[in-house]
Every structure is written in C-alpha cells, then in structure tokens.
Amino acid sequence: NAGVTQTPKFQVLKTGQSMTLQCAQDMNHEYMSWYRQDPGMGLRLIHYSVGAGITDQGEVPNGYNVSRSTTEDFPLRLLSAAPSQTSVYFCASSYGAPTNTGELFFGEGSRLTVL
Amino acid sequence: GQQVMQIPQYQHVQEGEDFTTYCNSSTTLSNIQWYKQRPGGHPVFLIQLVKSGEVKKQKRLTFQFGEAKKNSSLHITATQTTDVGTYFCAPGGAGNMLTFGGGTRLMVKP
C-alpha cells in the first residue's frame, strides 16, 4: 500500500494563479482532510470529508475548494492564489472519525510558495 | 474550535535528559491524540488517550490524560537524538475532526 499520496511536493505560483493539490489514499478510508502548517501555528484544518460526495469546512476554508467524487481522491483547489497561502499542505485520512477510531495517516506534504 | 495551549514551544535538552510537553485546555476534552513530526517530515500518530487519568507507555515515552480531562502530557525519559522533532497534541473538535496544538519542538544535543 502506498498510503496517502500527495502531488506535487513543491510548487511556486504567482499571485492570482489557480492550481490543484492532489491527494489519493489506497486504504479505503472514509475520512479525508486537508491541513495547512505555518511556522509556529501548528496544523490548521482547511476542509474535510466524511465520505464520497460529502465535504465540510474546517477552521480556515477561505480561498480553497474541495470535492470528493471518489473514496480515494480528495483534491484541494486554490482558486486565486495569494501570498498568505504560502504554506505546507498536508492531506490526511482515517478509517473512521479521527476522534473515535484513532489515527490520522498523513501524506508527505506539498510545499507551496505564492509570489 | 477547540483551543489548546501547548507548552513549551521549544525545548533544548542534552542527550540523556528528560523532556516533558504539556497540553492544556479550558474545556473538558473527550479524548486526545499525540503526534510526532520529524524535521522536514509529516506528522505520525503516537497514541490516543480517552479515559480520565489514563497513563500509557511506549518504551521511553509516557503519556498522561488529566483526571479532569482538561490537560495531557508527554514525558520522554533519557532523550536520544532520534527523539528530535515537534510533538503535537490533538484533541477532538467539531465534526469529529482533530484540532492541533501549536506543538513543542524538541532539540537534543548529542
């Protein structure tokens, strides 16, 4: 099993450009989520999904869109990139609700720089 | 969302010294998880605590959940250079999702 796979690992954008961060998991996990990590800020939840066709907002959703058309994939879209979105993005998945059945499995991260 | 304070933010120790990080909440937590992130890496699950007063051990790591379920701690005995990284507590939040504390970055001098 590959676990949680994120692409790309690195990306540089200009302000106003759009892009999609890809996330795929092969563990048949129901829950998938996106976090961003900024220095000294820990990990903040952007969006999450409890199953195919269902998404919800997390703590910092503005400027990001998500969709969940399949169990395996959970892409994160930046519609019009801003320098404030410079961050490291982590996709994570879990078999059930993270607070109930346990651990989040994280991808290796995508480092995004917006100029 | 759930707010937790994690202290200290940074800790330098000499190899062999002990290390403790604390996670404090103003509200009662249903449960709490701990994660470790190596420099340049991704968070990796360590443990989940659910019961009041629970204590769990993993080799040199001891995890505690407070009696009132408002705080938790991670204690490492006799640190090694392999312990270097950032340790995050993660209590449950809205929608059964986790929120993460700011983390404690541990640096170990050999």
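Heavy-atom basis, side chains included; hydrogens, waters and symmetry copies ignored.
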Between Gln48(B) and Pro98(A), what is the shortest heavy-atom contact and its length? OE1-O, 3.6 Å

Answer with yes or no whether the hydrophobic clustering places [X] together with [Y]; edges join I, L, V, M, F, W, Y residues whose side-chain heavy atoms lie under 4.5 Å apart.
X         : Y        : result
Leu76(A)  : Val88(A) : no
Phe90(A)  : Leu45(A) : yes
Phe105(A) : Met32(A) : no

If you count heavy-atom pairs under 4.5 Å between each of Ala92(A), Ser33(A), Gly109(A), Gly107(A) and chain B, which one has the most? Gly107(A)

Crowded around [X] [atom1]? As in, over 12 foreign heavy atoms under 6.0 Å?
X         : atom1 : answer
Phe63(B)  : CZ    : yes
Met5(B)   : CE    : no
Glu72(A)  : CD    : yes
Arg105(B) : CZ    : no

Most heavy-atom pairs under 4.5 Å with chain A, out of Tyr10(B), Phe88(B), Phe100(B), belong to Phe100(B)

What option among Gly41(B), Gly101(B), Pro43(B) has the most heavy-atom pairs under 4.5 Å with chain A? Pro43(B)

Determine yes or no for a side-chain-to-main-chain donor-acceptor pair under 3.5 angstrom, with Gln6(B) supplying the side chain and Gly42(A) the backbone. no

Short question: side chain of Tyr35(B), backbone of Leu104(A) - any donor-acceptor pair under 3.5 Å? yes

Working to the nearest 0.5 Å, report the span between [atom1] of [X] and [atom2] of [Y].
X        : Y         : atom1 : atom2 : result
Gln37(A) : His42(B)  : CD    : NE2   : 12.0 Å
Leu98(B) : Tyr35(A)  : CG    : OH    : 5.0 Å
Ile47(B) : Glu103(A) : CD1   : CD    : 11.0 Å

What's the verdict on side-chain contact (heavy atoms from CB on, under 4.5 Å) for Phe106(A) and Gln37(B), showing C-alpha distance, side-chain angles and the deciding distance? CA-CA 10 Å; Phe106(A) 283 85; Gln37(B) 184 178 24; over 6 Å; no

